Number of protein chains: 2
Amino acid sequence: MDFSKIDLFEGISGEDAERMMSCFGASFRKFRAGSEVCDYSGSGDDVGIMMSGDAVMIRTDEDGEIAVMELFSDGDIFGEVLAFSNDAGDSVKVVAESDCEVMFIKYAAITKRCERACEHHSRLVSNMFGLIAKKTLSLSRRIEILSKKTTREKLMYYFGILAKNYGSEFDLPMSVTRLAAYICADRSAMTRELSRMQADGLIEMEKRRVRLKKAV
Amino acid sequence: MDFSKIDLFEGISGEDAERMMSCFGASFRKFRAGSEVCDYSGSGDDVGIMMSGDAVMIRTDEDGEIAVMELFSDGDIFGEVLAFSNDAGDSVKVVAESDCEVMFIKYAAITKRCERACEHHSRLVSNMFGLIAKKTLSLSRRIEILSKKTTREKLMYYFGILAKNYGSEFDLPMSVTRLAAYICADRSAMTRELSRMQADGLIEMEKRRVRLKKAV
DNA sequence: CTCAAAATGTTGCATTTGCAACATATATAT
DNA sequence: ATATATATGTTGCAAATGCAACATTTTGAG
């Protein structure tokens, strides 16, 4: 098991990490692409950590509407208590997109101090703390985007963020179709707006390559 | 100083909490209503904990547009690293709504183990962990709401959540005007939609009292 | 109480958007 | 290579929404 690339175990040696697993009641499971990793429809207080592969969290409401809530890859953590609420009682599942391996930990085992008071426990809590903080950042960024009134404003705000990080010319970190889902706009309507933005001289676009022409 | 009602110090006696303050480089400051509690326009890695009173986090963008991002009252925590990103470089400030007292802690002091390894440090980290988890819940709930396409769907989803918690008849936890801001809809357009929903027999509304008639 | 400020409710209108129905291009599997 | 699935781009149209302008009510300060 390779812990070195998992942020959750940063600062903890592989041997120590292995040793700690018993404190957390950790279990490892492998999944085939397409299979169900877990189901949060009932109450779920497990935390999952992606050790390898990719998975998606999918919500299905009573009308059968399907929504992709989050995407997970190496090192990402997920769990009901961590990043979503299911007040509406919808079906929420995590499904493997590729073959993957997942480590499960009891949420309670993380927040409670273990009886043996193993020395790395608090380090791991700190690491998880940082991961959640990172998640709240991405959530609040998305809220900022969604709070814009028009599709154009959403796109310009999002492009502005990317430009801050990568310069005025950058590649979209996702497909155009996924971008539409991310900003909660109709894909065809968004494509139309992108065309208009090019016509209006705000951006230039070639496949996923975007050049932001307006100063932000 | 009364720590008993602050979730962050749950499970830690008042005396112990006082004693721990030095580990965290904690400072206490009082603010008059209307005054600026802190400015996150630059980089800010302080975490604030509301000890008493109320405050709001306000974002002002380059066009002078003002947006209320979050409301804080007793026990709430805030900080750049905790729940917002400022990639757009906007001005982000916390302003006191009433006279209030705030405790500031260095973020780094929380995630690092203190040299003295005081015994309540990890308990406090766990508590803060829980607070952030609660915040991610409310953030992701809001994303769920904002991801609905129409104002009616947003309202029905939100009302459904409230109904799950309080039964099919409940009071809105905020003013109608604030509700419009919360779901990112134009106030007058939202009011119009609420009227239509009543006409269509989905809800009954009297001031902030709502009765959800459709089974959810 | 009195007055001003904030909240609420209504409506016309122009803009934006979702939706459906396409055509085409690209990626992936066999 | 070939076929199939997925991604992308376009457009007409009806529905939803923001916006402005206004009347009315409620709240809060003095």
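Each chain gets a letter, A, B and so on, in the order the sequences are listed, and its residues count up from 1. Remember, predicted model here, so these are calculated numbers, not experimental data. Quick note: numbers below take in every heavy atom, side chains included, and nothing from hydrogens, waters or symmetry partners.
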- Message: Testing the basics here: between A:M174 and A:R208, what is the closest heavy-atom pair and its distance to 0.1 Å?
- Response: O-CD, 3.6 Å
- Query: How far apart are the closest heavy atoms of B:A55 and B:V94, and which atoms are they?
  - Reply: CB-CG1, 3.9 Å
Counting only side-chain nitrogens and oxygens, does [X] get under 4.0 Å of the OP1 or OP2 atom of [N]?
X      : N      : answer
B:T177 : C:dT8  : yes
B:K207 : D:dT26 : yes
B:S188 : C:dT8  : no

- Message: Under 4.0 Å between a side-chain nitrogen and a carboxylate oxygen: does that hold for B:E193 and B:R196?
- Response: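 Yes, B:E193 and B:R196 are salt-bridged.
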Roughly how many Å is it from [atom1] in [X] to [atom2] in [N], rounded to a whole number?
X      : N      : atom1 : atom2 : answer
B:E193 : C:dT8  : CD    : P     : 18 Å
A:D200 : C:dT15 : CG    : P     : 14 Å
A:L179 : D:dG9  : CG    : P     : 11 Å
B:D186 : C:dG12 : CG    : C1'   : 14 Å
A:E153 : D:dT17 : CD    : C1'   : 13 Å
B:M156 : D:dA16 : CE    : P     : 15 Å
A:M174 : D:dT8  : CE    : C1'   : 16 Å
A:M190 : D:dT10 : CE    : P     : 12 Å

Could you work out which one of [options] sits closest to the side chain of [X]?
X      : options                : answer
B:R208 : C:dG18, D:dC19, C:dT8  : C:dT8
A:R192 : C:dT17, C:dT8, D:dG18  : C:dT17
A:T150 : C:dT16, D:dG18, C:dG18 : C:dT16
B:A185 : C:dT8, D:dG9, D:dG18   : D:dG18
A:V176 : D:dC13, D:dT17, D:dT8  : D:dT8
B:T151 : C:dT8, D:dT17, D:dG12  : D:dT17
B:R196 : D:dC19, D:dT17, C:dT10 : D:dT17

- Ignoring hydrogens and angles, does a donor from either the side chain of B:R187 or the base of D:dG18 sit under 3.5 Å from an acceptor on the other? no
- Message: For a quick check, tell me whether the side chain of B:S175 and the base of C:dA6 share a donor-acceptor pair closer than 3.5 Å.
- Response: no
- Give A:R152 one of three labels, base, sugar-phosphate or nothing, depending on what nucleic acid heavy atoms sit under 4.0 Å from its own. nothing
- Message: Is it the case that the side chain of A:S98 and the backbone of A:D54 share a donor-acceptor pair, with hydrogens and angles ignored and the cut-off at 3.5 Å?
- Response: yes
- Message: Can you classify the ring geometry of A:Y182 versus A:Y158 as parallel (below 30°), tilted (30 to 60°) or perpendicular (above 60°)?
- Response: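 Ring orientation of A:Y182 relative to A:Y158: tilted.
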- Item | Nearest-0.5 Å distance that lies between atom CZ in B:F9 and atom CE in B:M103 |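 One gets 3.5 Å once the value is rounded to the nearest 0.5 Å.
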